[in-house]
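Owing to the predicted nature of the structure, the values given are computational and were not obtained by experimental measurement. Here is how names work: the chains are called A, B, and so on, in the same order as the sequence lines, proteins then strands, and each is numbered from 1. Any value given below was found using the heavy atoms of this structure, including those in side chains, with hydrogens, waters and symmetry copies removed.
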Amino acid sequence: MSENQITDDLSQVLRHRREKLEAIVERGMEPFAYNFSPTSSSAATIKAFEAAEAAESLGENGHGTHVKLGGRIVGWRDMGRSVFAHIEDGHGRLQLYFRKNVVGEESFEALSLLDVSDWIGAEGPTFRTQTGEVTVQVESWTLLTKSLRPLPFGKVETDQESGERTVYGGFQDQETRYRQRYADLAVHPDVRDVFRTRSRVISELRRFLDEQGFLEVETPVLQPLYGGASATPFVTHHEALDQTMYLRIADELYLKRLIVGGLDRVYEISKDFRNEGLSRVHNPEFTMLEWYQAFSDYEDQMDLVERMVLHVLDTVIGERVIRLGEQEIPVSVPFRRLGLVSGLSEALHQDVHEMSDEELRAKAEEFEIPDLDGAGRGKLIDKLFGELVEPGLMEPTFVIDHPKELSPLAKSHRGDPRLTERFEMYIGGAEIFNAFSELNDPIDQRERFEAQAAMREAGDNEAQQIDDDYIRALEYGMPPTGGVGMGVDRFVMMLTGQTSIRDVILFPILRTED
RNA sequence: GACCCGGUAGCUCAGUUGGCAGAGCAACUGACUUUUAAUCAGUAGGUCGUGGGUUCGAGCCCCACCCGGGUCACCA
C-alpha cells in the first residue's frame with residue numbers, strides 16, 4: 001500500500017494533520033525537535049509576574065520578565081493579524097499572544113501549520129491583557145512536536161466571579177479513557193493530579209516506615225507455591241526448570257521467613273496478582289504494602305497504622321479528612337475498635353457466642369445471604385458481619401478478633417481460643433488494612449495448613465496450600481511478630497475521593513481490543 | 001457468571017411510527033491586531049460495535065456475538 005493510499009484511508013481530521021506535516025517539512029522546519037531549554041514554567045511565570053506587579057517593578061508597557069516556555073497547545077483563537085493560544089506544561093496553563101508585527105510575517109504565517117495538541121516553545125515578555133490574564137507576548141516560537149492526532153480537549157469556560165470551570169464536550173467515554181490513558185491524562189489535569197497524589201502517598205509510606213527502622217526488601221514474584229492469602233493465582237511455567245510457577249497472591253510467607261532470619265523489621269511494596277473478577281474495588285494486578293515487626297503484636301500494629309494514616313494525611317492531603325463523594329469523614333485517633341463477634345451480636349441483638357451453628361445459618365438465610373453451602377461457623381459469622389455491619393463502617397474502624405477458621409496464619413487470641421488476634425481496618429466501607437499477631441507455633445501452623453488442605457479437598461480451591469519450607473522456617477523460631485497488609489490502591493482511592501479502583505491505576509486491566 | 005444501561009462524524013450527543021443519517025464543538029476556506037466556550041460567512045466529514053434475519057425498505061424490529069459502565073455474585 002502506497003503512502004497516498006494510507007493517507008486516503010485516514011479520516012479527514014487526521015489527513016489534514018498529515019498535510020500540515022508535509023508543509024512543515026517543505027518549509028524546512030523540524031516537526032519533531034530534539035530538545036528545548038525552557039527558562040520557566042507556566043505557574044512560575046504567572047507567580048513571578050504577579051510578584052513584580054505587587055512590587056510595582058514592571059518595565060515599560062507593563063512588561064514583566066522575559067520567559068522561555070515549552071508546552072502543549074490546548075486552545076487556539078485566531079483573530080486575523082493576532083492569535084491567542086493557551087499552552088499547558090505540567091505545571092499549569094498559560095496564555096500566549098502572537099502579533100504579526102511582533103513575530104514577523106514569515107513566522108506569523110507559519111502559525112497556520114499549528115494545531116491544538118502540538119508541542120511548541122515560545123519566548124517573550126509577560127504582560128496582562130485588557131481582560132486581566134497574565135500572558136506571554138510571543139517574540140519568537142518554535143515547533144517542538146507536530147501532533148498528528150487531535151486530543152479531545154473540551155472547551156473550558158471559567159466564571160469570572162466564582163472561578164468555577166465548566167467543560168463543554170470533552171472526553172467522556174470511560175472505555176476510551178482507560179484504553180488511551182495517555183489521552184485521558186493529556187486532557188484532564190485532575191486525572192494527572194490523582195496520580196501525582198498516588199506517587200506522593202507511596203513516597204510518604206516508604207518514608208514513614210524507613211524512619212521507624214524498617215528495611216525495604218524484595219521477595220519473589222514468581223513462586224513455586226503460592227500462599228499468604230486465600231485467592232486463585234495466575235499460573236505460568238518456567239521452561240528451563242520445566243516447573244509450574246505462580247504469580248504471588250501475597251508477600252506474607254516470604255517476609256516472615258526474613259523475620260526468622262533476623263531482619264527484624266521488613267516491608268515490601270509489591271504488585272500482587274489474583275485471578276479473580278474485576279470490580280469497582282478489585283483489579284487482578286494490584287499494589288500491596290506489607291510489613292512485619294518482630295516483638296510486636298496486633299495491638300502495637302493498630303497504633304502504628306493510626307500513626308501511618310495520620311502521617312500520610314498530614315504530609316500529602318494537608319487535613320485530617322477523607323472526602324468520598326458528598327461525604328466528609330473526619331479522621332481522628334484513636335480509631336474505633338469493634339470486635340467482629342460483639343459488633344455482630346449488637347446488630348442481631350443476640351449474643352453470637354450463645355448461638356448454635358444452626359441458628360447462625362437460619363439468620364443468614366433470613367437475610368438472604370447467598371452461597372451458604374458448606375459454610376462453617378466462622379464463615380457464617382463473617383458473612384453476617386459483612387452484610388449487616390461492614391457497609392456502615394465509614395469512619396476509620398478496626399474490626400478485631402476474627403474466628404479462627406478464617407485466619408490460618410494468625411495467632412490464637414490470648415483470651416479466647418475460638419478467635420484470633422487479627423484486625424481489618426475499614427474506611428468508607430472498604431477494607432484497607434489486614435493484620436495479625438502472626439502465628440509462630442510451627443505445630444499449630446501445620447495443623448492450620450492441614451485444615452486448609454481438607455477444605456481444599458472438599459472443593460474450596462482458594463484454601464491455602466501446605467508450605468513445608470515455611471513450616472521448617474518456623475521450626476527454627478520466629479520471634480513474636482505483628483504484621484500488616486495494606487491495599488495501596490484502595491487507600492489512594494480514599495485519599496483522592498475516587499470511587500473506582502480503575503481511577504487510581506494508570507493502566508487498569510481491560511479485555512484486549514479486537 | 002447473572003441482570004440493567006450503553007456503543008451513531010475526531011469529540012459530546014440527538015435520531016419520532018421502519019421511509020434520503022442530524023446538531024454543537026473540532027476540521028477546512030475566507031474576514032477580523034487585547035481574545036478567552038472569540039465572533040461572522042461558507043465547505044467538507046459516516047463500516048450507525050460485528051455478523052445474520054424479517055421487510056419493498058432497518059440506526060430503529062428479531063437472533064447471535066464483541067466491547068465498556070453499573071449492580072449483584074465471587075473475593076485476607
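For the pair A:Thr129 and A:Pro152, both in contact range of RNA chain B, the more 5′-proximal nearest nucleotide belongs to A:Pro152.
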Report task. Give the B/S/- string for nucleotides 23-30 of chain B, one per nucleotide from 5' to 3', where a protein heavy atom under 4.0 Å of the base yields B, of only the sugar-phosphate yields S, and otherwise -. Result -> --SSSS--
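Looking at A:Ser82, its side chain has no donor and acceptor atom pair within 3.5 Å of the base of B:U34. Residue-to-nucleotide contacts include no donor-acceptor pair under 3.5 Å from the side chain of A:Arg81 to the base of B:U33. The base of B:U34 does not come close enough to the side chain of A:Glu133 for any donor and acceptor atom to sit less than 3.5 Å apart.
You'll find that the side chain of A:Lys383 is closest to B:C74, out of B:C74, B:U71, B:U12. Between B:U12, B:A73, B:U35, one nucleotide has an atom nearer to the side chain of A:Met79 than all others, and that is B:U35. Residue A:Ser500 has its side chain nearest to B:G70 when only B:G70, B:G10, B:A76 are considered. Of all nucleotides listed (B:G70, B:A37, B:A76), B:A76 comes nearest to the side chain of A:Glu290. Checking B:U34, B:U71, B:C67 against the side-chain heavy atoms of A:Arg280 singles out B:U71 as nearest. Taking the side chain of A:Tyr168 as heavy atoms from C-beta on, and the options B:U34, B:A76, B:A37, the nearest nucleotide is B:A37.
A:Asp382 meets the salt bridge (charged side-chain N to carboxylate O under 4.0 Å, His left out) test with no other residue; sequence neighbours excluded.
Residue A:His402 is out of contact with every strand shown, counting any heavy-atom pair closer than 4.0 Å. Note on A:Leu510: only backbone sugar-phosphate atoms sit closer than 4.0 angstrom, heavy atoms only; bases stay farther off. Nucleic acid contact for A:Arg177: none, since no nucleic acid atom lies under 4.0 Å from a heavy atom of the residue. Heavy atoms of A:Gly75 sit nowhere under 4.0 angstrom from any nucleic acid atom.
Separating the P atom of B:G22 from that of B:C4 is a span of 33 Å, rounded to the nearest Å. For the C1' atom pair drawn from B:A26 and B:U12, the interatomic distance equals 11 Å after rounding to whole Å. For the C1' atoms, the distance linking B:A37 with B:G24 amounts to 11 Å, nearest Å. Comparing B:G57 with B:A21, their C1' atoms sit 15 Å apart, to the nearest whole Å. Remark: the separation of the C1' atoms in B:A23 and B:C48 is 16 Å, to the nearest Å. Rounded to whole Å, the C1' atom of B:U39 lies 10 Å from the corresponding atom of B:U35. Comparing the same atom, P, in B:C67 and in B:C28 gives a spacing of 36 Å after rounding to whole Å.
Listed pair A:Ser11 / B:G45 fails the phosphate criterion, with no side-chain N or O lying under 4.0 Å from OP1 or OP2. At B:U35, none of the side-chain N or O atoms of A:Arg77 fall inside 4.0 Å of OP1 or OP2 (strictly under the cut-off).
Figure legend: cation-pi geometry between A:Arg257 and A:Tyr254, with NZ or CZ positioned under 6.0 Å from the six-membered ring centre and within 45° of its axis.
In this structure, A:Asp297 and A:Phe436 have side chains that are not in contact, with every pair of non-hydrogen atoms separated by 4.5 Å or more. No side-chain heavy atom of A:Val156 sits less than 4.5 Å from a side-chain heavy atom of A:Thr166. Between A:Arg377 and A:Leu360, some side-chain heavy-atom pair lies under the 4.5 Å cut-off. Between A:Tyr298 and A:His413, some side-chain heavy-atom pair lies under the 4.5 Å cut-off.
Between the side chains of A:Tyr267 and A:Glu290, no donor N or O sits under 3.5 Å from an acceptor N or O. In summary, the side chains of A:Trp141 and A:Glu123 do not present any donor paired with an acceptor at a separation below 3.5 Å, with no hydrogens or angles considered.
Rounding to the nearest 0.5 Å gives a distance of 8.0 Å between OG1 of A:Thr126 and NE2 of A:His63. Atom CG of A:Leu21 sits about 14.5 Å away from atom NE2 of A:His16, to the nearest 0.5 Å.
Salt-bridge formation is detected for the pair A:Asp115/A:Lys20: a Lys NZ or Arg NE/NH1/NH2 atom is positioned less than 4.0 Å from an Asp or Glu carboxylate oxygen. In summary, A:Glu88 and A:Arg192 engage in a salt bridge, as defined by a charged side-chain N under 4.0 Å from a carboxylate O.
Residues from residues 96-106 of chain A placing a heavy atom under 4.0 Å of any atom in RNA chain B, listed by number, are A:Tyr97, A:Arg99, A:Asn101. For the contact set between residues 421-436 of chain A and RNA chain B, defined by any heavy atom under 4.0 Å, the members are A:Arg422, A:Glu424, A:Glu431, A:Asn434.
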Enumerate all atom pairs, one protein N or O and one N or O from nucleotides 1-7 of chain B, separated by less than 3.5 Å.
none

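In this structure, A:Phe335 and A:Phe398 have tilted ring planes: the angle between them lies in the 30° to 60° band.
With the 3.5 Å cutoff on both pairing distances, Watson-Crick and G-U pairs in RNA chain B assemble into runs of at least 3 at B:1-7 with B:66-72, B:10-13 with B:22-25, B:27-31 with B:39-43, B:49-53 with B:61-65.
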